[in-house]
Amino acid sequence: MPVQTVGLITLAVVLVYAAGSIIGGRIVDKAGRKRLVVISWAARGILIAAIVFMPDFWSALLMSCLATFIGGIAVTSSHSLNLEQAPKSRGTMMSLAGV
């Protein structure tokens, strides 16, 4: 596979993750933090396992992008839930998450 194709795929995956994070941040209050964390992590696990059963590279890539999108939602909702449970340690938690 050419290096340019790999670069474009990497860019697409990063953009899909960013879109999932933004959307997750917007729906976390509406759906509920705990519910969204559980559903998104479970869905991500199922989608990652499904990648193995894809018949060709492009369908596996599509499944990977979907899992990455759900992963963005999962990570964002998890951080939101963590911050809600320990409000006094928000600064420390965000600093450690950044590291």
Side-chain angles (χ1 to χ4, degrees):
M1 184 175 288
V3 174
Q4 293 85 1
T5 304
V6 174
L8 290 173
I9 290 171
T10 303
L11 176 64
V13 168
V14 168
L15 292 175
V16 165
Y17 180 82
S21 294
I22 291 169
I23 290 173
R26 293 186 185 271
I27 65 172
V28 73
D29 288 329
K30 296 173 187 168
R33 284 170 177 78
K34 290 179 188 177
R35 177 180 294 143
L36 190 60
V37 168
V38 170
I39 291 171
S40 60
W41 280 107
R44 185 172 187 245
I46 291 167
L47 290 170
I48 288 173
I51 293 170
V52 177
F53 299 108
M54 293 296 108
D56 61 356
F57 172 76
W58 296 108
S59 60
L61 178 63
L62 182 64
M63 188 64 66
S64 178
C65 284
L66 186 57
T68 301
F69 179 78
I70 300 295
I73 294 172
V75 170
T76 300
S77 60
S78 295
H79 286 304
S80 178
L81 180 63
N82 290 341
L83 291 175
E84 179 185 308
Q85 291 180 352
K88 292 182 181 178
S89 304
R90 287 178 189 247
T92 304
M93 289 176 69
M94 290 306 293
S95 298
L96 290 175
V99 171

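Reckoned from all heavy atoms, side chains included, excluding hydrogens, waters and symmetry mates. The model shown is predicted, which means the values in this text are computed figures rather than measured ones.
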Problem set entry | Hydrophobic cluster identity match, Leu61 and Met1, side-chain contacts under 4.5 Å | yes
Exercise. Can you check whether Leu15 reaches Leu11 side chain to side chain, under 4.5 Å on heavy atoms?
Worked result: yes
Problem set entry | Heavy-atom pair with the smallest gap, counting every atom of Val13 and Thr68 | O-CG2, 3.7 Å
Exercise. Any chance CZ of Phe57 has more than 12 other-residue heavy atoms, nucleotides or ligands included, within less than 6.0 Å?
Worked result: yes
For this session: Please check if Ile9 and Val6 belong to a single hydrophobic cluster, counting links between Ile, Leu, Val, Met, Phe, Trp and Tyr side chain heavy atoms closer than 4.5 Å.
Result: yes
Problem set entry | Straight-line distance of Leu62 CG to Ile51 CD1, nearest 0.5 Å | 10.0 Å
Exercise. Other hydrophobic cluster members with Val75, side-chain heavy atoms of Ile/Leu/Val/Met/Phe/Trp/Tyr under 4.5 Å, chained?
Worked result: Tyr17, Val37, Trp41, Leu81
For this session: Find the distance between CZ (Arg26) and OG1 (Thr76) and round it off to the nearest 0.5 Å.
Result: 12.0 Å
For this session: Please check if Val16 and Ile22 belong to a single hydrophobic cluster, counting links between Ile, Leu, Val, Met, Phe, Trp and Tyr side chain heavy atoms closer than 4.5 Å.
Result: no
For this session: Any chance you could measure Glu84, atom CD, to Lys34, atom NZ, to the nearest 0.5 Å?
Result: 7.5 Å
Problem set entry | side-chain contact (heavy atoms from CB on, under 4.5 Å) partner of Arg33, chosen from Asn82, Leu83, Val28, Val38 | Val28
Exercise. If you look at every heavy atom in Ala67 and Ile48, which pair is closest and at what distance?
Worked result: CB-CG1, 4.0 Å
Exercise. Would Ile73 and Leu36 count as a side-chain contact (heavy atoms from CB on, under 4.5 Å) if you check the C-alpha gap in whole Å, the side-chain angles of each, and the deciding distance to 0.1 Å?
Worked result: CA-CA 8 Å; Ile73 294 172; Leu36 190 60; 4.1 Å; yes
Problem set entry | Minimal non-hydrogen separation, Ser40 against Ile70, with atom names | O-CG2, 3.3 Å
For this session: Nearest 0.5 Å please: distance from the OG atom of Ser21 over to the CZ atom of Phe69.
Result: 9.0 Å
Seminar exercise, completed: OG of Ser77 to CG of Asp29, rounded to nearest 0.5 Å, is 11.5 Å
Problem set entry | Gap between atom OG of Ser64 and atom CG of Leu47 - 0.5 Å precision | 10.0 Å
